[in-house]
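See below for the structure under consideration.
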Amino acid sequence: MNQYDAIIVGAGIFGLTIAERLVNCLNKKVLLIEKRPHIGGNCFSIIDPDTKIECHKYGAHIFHTSNEEVWKYVNKFSEFTNYQHRVYTTHKGEVYPLPINLGTINQFFHACYSPDEAKRLLQKQASIIQAQPNNLKDKGISLIGQPLFEAFFMNYTSKQWQTPAEQLPPQIITRLPVRYNYNNRYFSDTYEGLPISGYYIFFQKMLDSCKKNLTLKLNTDYFADDEAKKLTNEGVLTIFTGPIDQFFKYKYGHLKWRTVEFKKAVIQTNDFQGCSVMNYADLKQPYTRIIEFKHFHPERNNDSYNPNSKKTIIFKEFSKTWQPGDEPYYPVRTQKDVTTYHKYQKESAKHPNIIFGGRLGEYAYYDMDATFARALQTFQNTVTPHFKN
Ligand code: FAD
Ligand code: UDP
């Protein structure tokens, strides 16, 4: 007889959270399948063996949330540092603070506007957009006016998405606040920080907490695992956190994703750029941003984190359109994609024993906290009733 109550495909945040809940709340037996050689999905981090600097293998990850339930949940597995994220951007050879705040505005216009004056100016510049903005470009201009949009968002967005800003959803730009004071914290959430001992340890603790009833298969692609597919076909509950279009063999066409190439370099200096993230707003630099990992942990003072060390690690991020074989990182979500996604969603309703979840499974631009929240909600509203019924 089958020994598993559920199969989970993907050991990222969504898969791990459902696994942990299934084992610890419902005492179920779980098979967790992950095609990569590690758990944690795109939030995985690794200690660089040469410098001992913690690098986020798939791009910088800063945890932030205002969701009390999620904050309580993640704190079961790790303490968080009090890191506060601040991002700078380089435009025409000058460095400005982000997100757009009074400092950015006054530096850009060589002025000393008060909050009210700055607001009036930007409102006037934004007034060229009259209708309700329904794309990233119009939304951006309606928020900060054309000059600031063109300087800091237009070219960065075209490098990042390779899709005209007129075709991108407006929600992408509302991820960033606009402030009429000098507060340049990137996030406005109640809680923010990094797992004190690193992301890898955090996810390992989640996994350890459900070891008794969990079998983990790393380096295993679900589509190549006949045992797992057979179990799904026999009706075993399957939580699939890979790309939904791949699951249905792209029958309605490919969803558009964006992938990122990370070029790593070890630089022989103590501090390369003075901050963790420097964005590049112009087309002159083909990359969107440079991450310098040691700045994520100012509280660490060992090895290369030591002020006397002469080594640092940077990643340059080059964004490109997803091709088969690339990692799908960001859902582009043009109107056409959303229509295609709805077809896959409808198709998924025909398979009541399969739940699609997470950034890839739901084709959603979820941050980490939103992924935890969605997994906890899915566990409560869909997974638990599945077993009760
Ligand atoms: P994933 O992490 O993608 O996990 C899915 C897992 O499924 C992967 O491990 C994959 O290998 C596995 N899988 C897929 N297909 C198969 C298969 N066929 N068989 C077996 N396994 C399979 N969020 C923040 O809150 N803060 C940030 O600063 C932040 N920065 C980000 C930077 C980048 C570059 C990216 C791409 C994302 C960032 N995010 C950030 C978002 C964060 O990465 C996601 O919210 C989170 O990873 C989503 O978790 P998930 O479990 O849905 O997906
Ligand atoms: N963005 C931009 N310039 C910047 C930073 C962000 O144009 O310097 C736009 C860009 O379209 C980006 C979006 O704002 O995709 C959201 O930025 P965020 O930093 O949240 O993106 P992520 O960290 O998810 O890559």
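One-based numbering, in listed order, for ligands and for the atoms of each. These numbers were taken from a predicted model, which means no experiment stands behind them. Values below: every heavy atom of this structure, side chains too, minus hydrogens, waters and symmetry copies.
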### T65/D189 under side-chain hydrogen bond (donor to acceptor under 3.5 Å, both in side chains): CA gap, chis, key distance, verdict
CA-CA 5 Å; T65 191; D189 281 318; 5.8 Å; no
### Query
Are Y365 and R333 close enough, and set up right, to give a side-chain hydrogen bond (donor to acceptor under 3.5 Å, both in side chains), and what steps lead you there?
CA-CA 9 Å; Y365 194 174; R333 291 183 65 87; over 6 Å; no
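Remark: E327 CD is packed, more than 12 non-hydrogen atoms of other residues, nucleotides or ligands lying under 6.0 Å away.
Considering both main-chain and side-chain atoms, D369 never comes within under 3.5 Å of ligand 1 through any nitrogen or oxygen pair. Annotation: G357 places no N or O atom under 3.5 Å from an N or O atom of ligand 1; distance criterion only. In terms of N/O distances under 3.5 Å, ligand 1 is not approached by A11. Taking distance alone, with nitrogen or oxygen atoms compared against 3.5 Å, F262 stays at or beyond that limit from ligand 1. Geometrically, ligand 1 and E34 share a nitrogen or oxygen pair separated by less than 3.5 Å. Polar contact check, K35 against ligand 1: a nitrogen or oxygen pair lies under 3.5 Å apart.
Checked by atom type, the side-chain pair D337/T340 shows no donor-acceptor distance below 3.5 Å. A donor-acceptor contact closer than 3.5 angstrom is absent between the side chains of N101 and N183. Using a 3.5 Å distance cut-off with no hydrogens or angles, the side chains of N106 and Y182 do pair a donor with an acceptor. For the 3.5 Å distance criterion, the side chains of R258 and T163 fail to qualify, holding no donor opposite an acceptor. In the model, D326 has no side-chain atom that pairs as donor or acceptor with a side-chain atom of T259 under 3.5 Å. Counting only N and O atoms by type, the side chains of N42 and R36 include a donor and acceptor under 3.5 Å apart. For the residue pair S45 and E54, a side-chain donor N or O sits within less than 3.5 Å of a side-chain acceptor on the partner. R120 and Q123 are not linked by any side-chain donor-acceptor pair at a separation below 3.5 angstrom, with hydrogens and angles left out of the test.
Scanning the protein heavy atoms around atom 4 (O) of ligand 1, the nearest turns out to be G12 CA, 3.6 Å. Given atom 25 (O) of ligand 1, the protein heavy atom at minimum distance is M368 N, 2.8 Å. The protein heavy atom nearest to atom 7 (O) of ligand 1 is G10 CA, 3.1 Å. At the top of the distance list for atom 45 (O) of ligand 1, counting protein heavy atoms only, stands Y366 O, 2.7 Å. What sits closest to atom 46 (C) of ligand 1 on the protein, heavy atoms only, is C43 SG, 3.9 Å. Among protein heavy atoms, the minimum distance from atom 41 (C) of ligand 1 is reached at R359 NH1, 2.8 Å. Residue, atom and distance of the protein heavy atom nearest to atom 19 (N) of ligand 1 are Y222 N, 3.0 Å.
Taking all heavy atoms of T17, I39, T220, T371 into account, the minimum distance to atom 49 (O) of ligand 1 is reached by T371. Proximity annotation for atom 3 (O) of ligand 1: of L194, N42, D367, N42 comes nearest, heavy atoms only. Distances from atom 26 (N) of ligand 1 to the heavy atoms of I18, I62, L16 put I62 nearest. Remark: among candidates E192, R258, H61, the nearest residue to atom 39 (N) of ligand 1 is H61, based on non-hydrogen atoms. Taking only non-hydrogen atoms, the option from F372, F187, Y329, Y330 nearest to atom 33 (C) of ligand 1 is Y330.
Taking the centre of each ring, F223 and F240 come in below the 6.0 Å mark. Taking the six-membered ring wherever Trp is involved, the centroid distance between the rings of F63 and H61 does not fall below 6.0 Å.
Interface atoms of ligand 1 facing F223, defined by a heavy-atom separation under 4.0 Å, are 18 (N). Under a 4.0 Å criterion applied to the non-hydrogen atoms of F14, ligand 1 contributes the atoms 51 (O). Taking every heavy atom of D221 and a limit of under 4.0 angstrom, the matching atoms of ligand 1 come to 17 (C), 18 (N), 19 (N). Atoms of ligand 1 lying under 4.0 Å from any heavy atom of I33, numbered from 1 in the order shown and given with element: 20 (C), 21 (N). Within ligand 1, counting atoms from 1 as listed, the ones closer than 4.0 Å to a heavy atom of G242 are 14 (C), 15 (N). Those atoms of ligand 1 with a heavy atom of Y58 less than 4.0 angstrom away are 33 (C), 34 (C). Each of the following atoms of ligand 1 lies closer than 4.0 Å to a heavy atom of G358: 52 (O).
Ionic pairing of E68 and K72 is not present here: no N-O contact between side-chain nitrogen and carboxylate oxygen is shorter than 4.0 angstrom.
H38 and Y58 have tilted rings, their planes meeting at an angle from 30° to 60° on a 0 to 90° scale. In this structure, W322 and Y250 have tilted ring planes: the angle between them lies in the 30° to 60° band.
Residue contacts with ligand 1 do not include F63, since none of its heavy atoms lies under 4.0 Å from the ligand.
Annotation: ligand 2 has protein neighbours L98, F152, F153, Y156, T157, Q160, W161, I172, R175, L176, Y186, N279, R289, Y330, Y365, each with a heavy atom less than 4.0 angstrom from the ligand.
Among V23, L22, V30, the single residue meeting the side chain to side chain contact (heavy atoms under 4.5 Å, CB included) criterion with L26 is L22.
Annotation: cation-pi geometry not satisfied between R289 and Y88 (NZ/CZ under 6.0 angstrom from ring centroid, within 45° of ring axis).
The closest donor-acceptor contact from the side chain of D245 to the backbone of H254 lies at 3.5 Å or more, if one exists at all.
Under 4.0 angstrom from ligand 1, the non-hydrogen atoms of A60 all belong to its backbone.
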